[in-house]
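Values reported hereafter were calculated over all heavy atoms of this structure, with side chains retained and with hydrogens, waters and symmetry mates removed.
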Amino acid sequence: MEKGHPEVPAEWLKREWRARRLLKNVHLFISGCIGPCDVANAAKINSPSGEIWLGNLDGFEQYRDLVDWASACNQAARVLPLPRCLMGQQLSLYRGDTA
């Protein structure tokens with residue numbers, strides 16, 4: 001926040017993760033910069049099928065949607081597709097052709 005970025009509701013996230021019993025299956029780490037440096041409030045989701053990066057999370061609703069998705073993935077015992085409400089936050093870390 002000291003750099004003008006929106007607040008991350010870290011304490012709420014931790015409480016919600018515990019309340020939804022996600023700790024054993026869906027791990028949450030809150031840290032400083034995880035990169036990319038030009039994107040504020042980034043989240044990285046690791047799964048057996050790869051990484052999902054989200055960026056510019058700027059409102060409580062987006063964090064709530066992230067926790068709801070994590071909870072749904074936990075209940076389904078697999079990584080579900082990213083919900084439409086978070087697709088606008090998905091980052092592509094590599095630009096250009098993949099050929």
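- Partner of N74 under the side-chain contact (heavy atoms from CB on, under 4.5 Å) criterion, out of L80, L23, N25, V79: N25 alone.
- Here CD of Q75 is found 8.5 Å from CG of L22. Values are rounded to the nearest 0.5 Å.
- A heavy-atom distance below 4.5 Å is not found between the side chains of L54 and L91.
- One distance of note links CD of Q62 with SG of C85; it measures 8.5 Å at 0.5 Å rounding.
- Put simply, the side chain of K44 does not reach to within 4.5 Å of the side chain of I52, judged on heavy atoms.
- Side chain of W17 to main chain of V26: a donor-acceptor pair is present (N/O by atom type, distance under 3.5 Å, no hydrogens or angles).
- Note that CD of Q89 is 10.0 Å distant from CG of N41, once rounded to the nearest 0.5 Å.
- Not a single side chain to side chain donor-acceptor pair (under 3.5 Å) links D58 to another residue, sequence neighbours left out.
- Atom CH2 in W53 sits 9.5 Å away from atom CD1 in I45 (nearest 0.5 Å).
- With hydrogens and angles disregarded, no donor-acceptor distance shorter than 3.5 Å links the side chain of W12 to the backbone of R64.
- Nearest heavy atoms, L13 versus V8: CD1-CG1, 4.2 Å.
- Rounded to the nearest 0.5 angstrom, R18 CZ and E16 CD are separated by 10.5 Å.
- Every residue meeting the side chain to side chain donor-acceptor pair (under 3.5 Å) condition with D68, not counting sequence neighbours, appears here in chain and number order: R20.
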